[in-house]
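All chains are named by letter (A, B, ...) in the order of the sequence lines, taking the proteins before the strands, and each is independently numbered beginning at 1. Quick caveat: nothing in here was measured; it's all calculated off a predicted structure.
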Protein chains: 2
Amino acid sequence: MINMIERSHLEIIRGIDRHRTLTEASAILHLSQSALSHAIRKLESRTGTKIWIKQGRNLEFTDTGRFLLSLANRILPQLEHGDRALKQFSNGKKGTLRIGMECHPCYQWLLKVVLPFLQTWPEVDLDIKKDFQFDGYSSLKDHETDLLITPDLIKDNTLIFTPIFPYELVLIVARNHKLAPKSYVTTEDLETETLLTYPVGTDRLDIFTNFLIPSGCKPASHKVIEDHEIMIQMVAAERGVTALPNWMFAEYNETLPIKALRLGSGGLHKKLYTAIRAIDHDVDYIQAFVSSAIEVGETDSS
Amino acid sequence: MINMIERSHLEIIRGIDRHRTLTEASAILHLSQSALSHAIRKLESRTGTKIWIKQGRNLEFTDTGRFLLSLANRILPQLEHGDRALKQFSNGKKGTLRIGMECHPCYQWLLKVVLPFLQTWPEVDLDIKKDFQFDGYSSLKDHETDLLITPDLIKDNTLIFTPIFPYELVLIVARNHKLAPKSYVTTEDLETETLLTYPVGTDRLDIFTNFLIPSGCKPASHKVIEDHEIMIQMVAAERGVTALPNWMFAEYNETLPIKALRLGSGGLHKKLYTAIRAIDHDVDYIQAFVSSAIEVGETDSS
DNA sequence: TCAATCAATGAATTTTTCTCATGATTAATA
DNA sequence: TATTAATCATGAGAAAAATTCATTGATTGA
């Protein structure tokens, strides 16, 4: 009488939402149409509330049904991940470390951490999400990822942040660009430039949030490019300027005619952090990954 | 073969964690000890991994078991809330609007929104969490609350913020306090004062984060008090000073010998927001609550 | 060593779930 | 409009799963 909602109920609700009809949903779930009907009927009688109503030859969710659907969409993915995790445990795996990257230019750096980690922890799988669209903190909190690499610190007691290494965001220009002789650029300098960035919102680009927006300035034009290699090539070809971490500049400095300029007289200084859920603090392989990230960070910036 | 983890499994795992022995857990779950043993045994055989090992006469979780425990602690509360919600639907309720308050002095103001809301939406239950310890954003994202009232905006695509009303944080002092003649106070002025605040971390007190800390100043002493009535009484009795919203000062201004002073020459201006999950944007009673909050906010500050 | 405590196990039983066959309703079609 | 196809609901019976009971084996503490 206490526990009413079972996994199967959520599965049925989601199935109907996805496949419109009970009959089709039943095929997907490898059950008879009748079985689903009975199952939901029973839940309805226990709760005393209708979950759907037959609208013509189709079903339509009631408020209750829609509530259950949202519950299903939230809970089933977690259970499914649980199922997969259990299978992995049985294969001697300890689990999957799902990493989210919010610092797009940091991908190269991440590889330096990943390779040794994979060797030291053969029983841990890695899954790196480098999506331009995903919301880092949400997916961390929703257990879609386990570790987030980000330059943005937020206030949240349930998360643990560890600083990895400091870096400076610099403006990269061609060597014979008109700004190249300057020791640093001002926001006004950028008003006549074409700015190249990754294809994410300006609220997630430090050049905007920490430099341009406070001053009210805008670049003459703003183009988005997915890949930083191409971005730098375009800068070298005097097709625009871009803001990247100083260590990334260093990698291309010798091979391309580019120059790095400070953003503002003091420079735009950032720090990279790992973020994990506080509850995962004692998981050995997560701890190990963070430590190893710090190590690589230290040798890198020295 | 696809779905392995059932609610009952999580229930059993959590029961054992809570009550140490299988026998006791079985009593709580109104099942026989044998039933639990069989159920887990079956899950083990399906996944091919041990969940616990018999350690002497007790059980000890394996890695897998601990993983399942954390899953249980995360998922079961959501299902339990689902169960309760279904019961409410059957009673004609639409659901429970669970509100989290992060602005401690705003409680009085909230009541003005709540009372009309309860009348307009008799089919919605209200549950207000005014905990000094709870983490507002976490509980919102974890579906422990549905609406958060907070002065702190954070960056998160999955949440929707709505500004309710602006207010000014002012320093409240006794009328014959030595600072009373001033038109505003500086951070240095506070270095000789006893500051009274709510019992939350200084990182969640604007007087610290937005006033004292940037200047490096500290009050002579810092005392915490749970209740703002007592706080104001103590201020009137010259036992200290406190920072509260200007509208709260207005309520006591006539009955107590107190005075409000700006914090810094410009004053410390804040805005109150409601935060909801973007996914809940279309829920009618949530929309209604936010609208009604804005309305009350407007009449209040006019 | 003995009694007590606890988990595991197998067999029997109860309960639940599922299917099959069928009916009822609706929507499309001839 | 009559016909047909599609869809969900329902009841009875069959199959499967969960639960209990009774017992065993292991461990601990007295």
Is a side-chain N or O of B:Thr47 found less than 3.5 angstrom from the main chain of B:Leu43, in a donor-acceptor match?
yes
Rounded to the Å, how far apart are A:Arg20 CZ and D:dC8 P?
11 Å
Contact list please: residues 10-19 of chain B against DNA chain C, heavy atoms, distance less than 4.0 Å, in numerical order.
none
Donor-acceptor pair, side chain of A:Ser291 and main chain of A:Gln287, under 3.5 angstrom:
yes
What is the distance, to the nearest angstrom, from the CG atom on A:Asn58 to the C1' atom on C:dA28?
13 Å
Does D:dA9 have its OP1 or OP2 closer than 4.0 Å to a side-chain nitrogen or oxygen of A:Trp52?
yes
Write down the distance between CD1 (B:Ile51) and P (C:dA8), rounded to a whole number of angstrom.
11 Å
Does any part of the side chain of B:Leu79, heavy atoms only, come nearer than 4.5 Å to the side chain of A:Leu10, both counted from C-beta?
yes
In whole angstroms, the gap separating C1' of C:dC6 from CD of B:Glu60 amounts to 16 Å
What's touching nucleotides 14-19 of chain D from the protein side, N or O pairs under 3.5 Å?
| residue | atom | partner | partner atom | Å |
| --- | --- | --- | --- | --- |
| D:dA18 | OP2 | B:Lys42 | NZ | 2.5 |

Any donor-acceptor pair under 3.5 Å from B:Thr62 side chain to B:Thr64 backbone:
yes
Remember a base hit wins even if backbone is also touched, and classify B:Ser37 as base, sugar-phosphate or nothing at under 4.0 Å, heavy atoms.
base
Which whole-number value in Å describes the distance from A:Gln33 CD to D:dT7 P?
10 Å
To the nearest angstrom, how far is A:Leu36 atom CG from C:dC20 atom C1'?
15 Å
Keeping the roles fixed (side chain from B:Arg7, backbone from A:Arg7), state whether a donor-acceptor pair exists under 3.5 Å.
no
Examine D:dA6: is either OP1 or OP2 under 4.0 Å from a nitrogen or oxygen in the side chain of A:Thr21? Give yes or no.
no
Hey, does A:Phe67 have a side-chain heavy atom less than 4.5 Å from the side chain of B:Leu86?
yes
Quick check: does any side chain N or O of A:Glu44 sit under 3.5 Å from a backbone N or O of A:Ile51, one acting as donor and the other as acceptor?
yes
Under a 3.5 Å distance rule, please check whether B:His9 uses its side chain to pair with a backbone N or O of B:Glu6 as donor and acceptor.
yes
Under 4.5 Å between any side-chain heavy atoms of A:Phe289 and A:Ile276, yes or no?
no
Rounded to the nearest angstrom, tell me the gap between atom CD1 in B:Ile40 and atom P in C:dA7.
13 Å
Do any N or O atoms from the side chain of A:Asp83 and from the backbone of B:Ile5 form a donor-acceptor pair under 3.5 angstrom?
yes
Short N/O separations, protein against nucleotides 25-27 of chain C, under 3.5 angstrom:
| residue | atom | partner | partner atom | Å |
| --- | --- | --- | --- | --- |
| C:dT26 | O2 | A:Arg57 | NH2 | 3.1 |
| C:dA27 | O4' | A:Arg57 | NH2 | 3.0 |
| C:dA27 | N3 | A:Arg57 | NH2 | 3.2 |

Whole angstrom is fine here: how far is it from CG in A:Leu43 over to C1' in C:dT17?
15 Å
Please check if the side chain of A:Thr150 supplies one atom and the backbone of A:Asp152 the other of a donor-acceptor pair under 3.5 Å.
yes
